[in-house]
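Shown next, in structure tokens, is the structure this report addresses.
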Amino acid sequence: MARSPVQLINAQSFMMDENSGSPAAAPQAAAPTALPTADLLQLRRAKVDQWRARGNDPFGTAFPATQLAANVIAGYEEDQSVRVAGRLVAIREMGKSVFAHILDQSGRIQLYAQKNVLGDEGFAQWKLLDLGDWVGAEGNLFTTKTGEKSVRVSALTLLSKTLRPIPSEWYGLSDPEARYRQRYLDLIANPEVRDTLSKRSQIVREVRRFMEDHGFMEVETPMMQSVAGGAAARPFTTHHNALGLDLYLRIAPELYLKRLLVGGFTKVFEVNRNFRNEGISRKHNPEFTMLEAYWAYADFDQMASLVESLITTVAERVFDTLAVGGRDADPATNTPARESIDLTPPWPRERYRDAVCRTAGADWFALTPEGRRARCAELGIELSPAMEDFEVTNQVFEKLVEARQVKPLFITHLPKELVPLAKQNAEDPSVVDVFELIINGQEISPGYTELNDPIVQRERLVAQAGEETQLIDEDFLTALEYGMPPAGGIGIGIDRLVMLLTGAESIRDVILFPLMRPAVRETSAAGQ
RNA sequence: GCCUCGAUAGCUCAAUGGUAGAGCAGUUGACUCUUAAUCAAUUGGUUGUAGGUUCGAGUCCUACUCGGGGCACCA
């Protein structure tokens, strides 16, 4: 809070510099004023004044009863009267007529303005438009000689003047830094980005719908927690002033959702953000969206079937196909083609142990720990000396099984060391009743038969807390002592699911505003 | 945190160590069926920042900033 007034002053003097024009600014102090864009900004501001001088508000208000471009085109009737609005993305002047395209959420539509229809004054307004301006238009539909359904404009309203030039529609905006920092420009310039991110919205909607259709109730549990539990990850810290209380942003909702099972809800789910204080990569963003669901009286096997049904249902509803993530090669952007992934069920289920033997040799578990390390060397798997034996095996799993698995595969019965919160298998206590769903080399979803024994749970949490400096959620353990029904649980990383279904290469392409370091601002004038 | 690649006009990109360029956008003009409109003219740059080498640096060297990819941390 203490910072903002200073920033405001900076912002103001910054703007005044742009306003004051070069002659006045030149003799001023040392400040390396003139931004490269100054001329462009200056011209646009002058146009704002010209609109005002003509009695038009260049930042207008409501433009009611607008229709979406796509709907207008789909419901085309010759000479029908329509009202459309959007951002001007192309202008082609032809002397006494003008063709233009506006872009709205649904797509583009062409406008046609003629001097003999609009009159001198109305037509002259078109000279004061720039690419990027928001405009509303009313007129009648017609089809051009080249067959494009268009609006013959009878009246144009400027809805908002753009002071800055927008990126070229043809060349797009390809600088990744600009794309992620200024996503609004990315959305204007790159239609595939609009498509991917609106697909994300549809996917989340269909996930919710599926869960509700299957009797699950959506709940919202705390994101600020005094003990960050439910996963092994470093949390972010924050602080509540009035309570004088340090809090963590949650790393998982799990422990609260299980409290709800104790409380008697039988099918609950939550779709929301988790926060993990980790490195950023193509597959990791510090805040990410997770679906977690718990189902009383179910086990991991039923949860696997639920996940299979969920993902195939969502894929079919949103994409109308089970062959997902494919892409044609695009020589323009040098993007190679990508095979789509076939999600047709049923998806195979394989025990962790069998998958390791399949790839590292049937004798893997008969080897000594040293023998396993030697085998890893043969297989080209790098190990750190500190790794314990089960971690060595898990390296094999990650590099040879997970990384290479393209089609959906459920890996079941993981060693208990890997999954401390899950329930041990009744016949083989060295493994737990869990699955891990792998698609396209990534873990998409883990599922569990949840541990509901409060005594064992306490032992595990104590052991886990020993390593990390993590506290133990005593209230959660108390809740378990009141009795949690046997239950199955799942988590699905929504960002990664969207990547899978849309064929996105980076998690940043499916998150509207991925975390970035703050940009370094040019502090041209200001009090430094 | 480590390795590696990158940053040139508003956007997309050029430029054997020797005068920083093009297309689009912008500006001015012509054009009433264009759609990457066309035609003519034209503005626009402290080459990410700070040092260094050199007669001379966009180009070579060092550090830093931001970003991409990889590794590590982490499901």
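Labels below follow one simple rule: chain letters A, B, ... track the order of the sequence lines, proteins then strands, and each chain is numbered from 1.
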Heavy atoms within less than 4.0 Å of RNA chain B: which residues of [range] have one? Give them sorted by number.
| range | result |
| --- | --- |
| residues 391-402 of chain A | A:E398, A:E402 |
| residues 115-126 of chain A | A:N116 |
| residues 431-449 of chain A | A:E436, A:E443 |

With the side chain of [X] defined as its heavy atoms from C-beta on, choose the nearest nucleotide among [options].
| X | options | value |
| --- | --- | --- |
| A:L43 | B:G70, B:U34, B:U27 | B:U27 |
| A:D175 | B:U12, B:C66, B:G26 | B:U12 |
| A:P167 | B:U34, B:C11, B:C73 | B:C11 |
| A:M94 | B:U32, B:G68, B:C73 | B:U32 |
| A:S97 | B:C33, B:U32, B:G67 | B:U32 |
| A:L131 | B:G69, B:U32, B:A25 | B:A25 |
| A:R508 | B:U32, B:G69, B:U34 | B:G69 |

Practice item. Flag the pair A:T162 / A:D130 as yes when at least one side-chain heavy-atom distance between them is below 4.5 Å, and no otherwise. Key: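 A side-chain contact under 4.5 Å is absent here.
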
Exercise for review: Find out whether A:L414 and A:F397 are in side-chain contact, i.e. whether some heavy atom of one side chain is under 4.5 Å from a heavy atom of the other.
Suggested key: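 With C-beta onward as the side chain, the pair stays apart.
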
Do we see a donor-acceptor contact under 3.5 Å between the side chains of [X] and [Y]?
| X | Y | result |
| --- | --- | --- |
| A:E350 | A:Y352 | no |
| A:D186 | A:Q182 | no |
| A:T144 | A:R152 | no |
| A:E292 | A:Y294 | yes |
| A:D299 | A:Y448 | no |

**Study point:** Of A:N277 and A:S506, the one whose closest RNA chain B nucleotide lies more 5'
**Key:**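 The residue mapped nearer the 5' terminus is A:S506.
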
[atom1] atom, [N] versus [M]: distance in rounded Å?
| N | M | atom1 | value |
| --- | --- | --- | --- |
| B:A37 | B:A72 | P | 47 Å |
| B:G17 | B:A36 | C1' | 37 Å |
| B:G58 | B:A9 | C1' | 14 Å |
| B:G48 | B:U8 | C1' | 10 Å |
| B:C61 | B:U4 | P | 13 Å |
| B:U46 | B:A41 | C1' | 29 Å |
| B:G21 | B:G44 | P | 12 Å |
| B:U16 | B:A25 | P | 28 Å |

**Study point:** Runs of at least three consecutive pairs that involve RNA chain B, where pairs are Watson-Crick or G-U with distances under 3.5 Å
**Key:**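 For RNA chain B the paired stretches long enough to count as stems (3 pairs minimum) are B:1-7 with B:65-71, B:10-13 with B:21-24, B:26-30 with B:38-42, B:48-52 with B:60-64.
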
Separation of atom [atom1] in [X] from atom [atom2] in [N], rounded to whole Å:
| X | N | atom1 | atom2 | result |
| --- | --- | --- | --- | --- |
| A:M516 | B:G68 | CE | P | 5 Å |
| A:L173 | B:U12 | CG | P | 5 Å |
| A:Q110 | B:C33 | CD | P | 12 Å |
| A:K96 | B:U32 | NZ | P | 5 Å |
| A:R282 | B:C73 | CZ | C1' | 17 Å |
| A:L41 | B:A25 | CG | C1' | 14 Å |
| A:R181 | B:C66 | CZ | C1' | 6 Å |
| A:I166 | B:G10 | CD1 | P | 16 Å |

Salt bridge between [X] and [Y], side-chain N to carboxylate O under 4.0 Å?
| X | Y | answer |
| --- | --- | --- |
| A:D133 | A:K161 | yes |
| A:E287 | A:R276 | no |
| A:R496 | A:E443 | no |

Is [X] near enough to [N] that one of its side-chain N or O atoms lies under 4.0 angstrom from OP1 or OP2?
| X | N | result |
| --- | --- | --- |
| A:K47 | B:U27 | yes |
| A:R92 | B:A37 | yes |
| A:S174 | B:C13 | yes |

Practice item. Indicate the ring-plane relationship of A:F435 and A:F300, choosing parallel, tilted or perpendicular according to the 30° and 60° boundaries. Key: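 Tilted.
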
Review point. Mind checking what makes side chain to side chain contact (heavy atoms under 4.5 Å, CB included) contact with A:M223, not counting sequence neighbours?
Key: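 A:R250, A:N272, A:R273, A:F275.
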
Check your understanding: With A:I381, which residues qualify under side chain to side chain contact (heavy atoms under 4.5 Å, CB included), at least two apart?
Key ->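 Checked A:I381 against side chain to side chain contact (heavy atoms under 4.5 Å, CB included); matches are A:C376, A:L379, A:L383, A:Q395, A:V396, A:K399, A:L400.
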
Report which part of the nucleic acid [X] touches: base, sugar-phosphate, or nothing (heavy-atom distance under 4.0 Å, all strands).
| X | answer |
| --- | --- |
| A:K127 | nothing |
| A:R108 | nothing |
| A:G493 | nothing |

Review point. Taking atom CD of A:E505 as the centre, does the number of heavy atoms from other residues, nucleotides or ligands within less than 6.0 Å exceed 12?
Key: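 Enclosed.
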
Practice item. Give a yes or no on this: more than 12 heavy atoms of other residues, nucleotides or ligands lie within 6.0 Å of atom CZ of A:R353. Key: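 Not more than 12 within 6.0 Å, no.
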
**Study point:** CA sep, side-chain torsions, deciding dist, call: A:D495, A:N285, side chain to side chain contact (heavy atoms under 4.5 Å, CB included)
**Key:** CA-CA 9 Å; A:D495 312 272; A:N285 194 62; over 6 Å; no

Point to revise | Under-3.5 Å donor-acceptor pair between A:T144 side chain and B:U34 base | key: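 Answer is yes: a donor-acceptor pair is held.
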
Check your understanding: Distance under 6.0 Å and angle within 45° of the ring axis: does A:R183 meet both against A:F513?
Key ->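 Pair A:R183/A:F513 does not count as cation-pi.
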
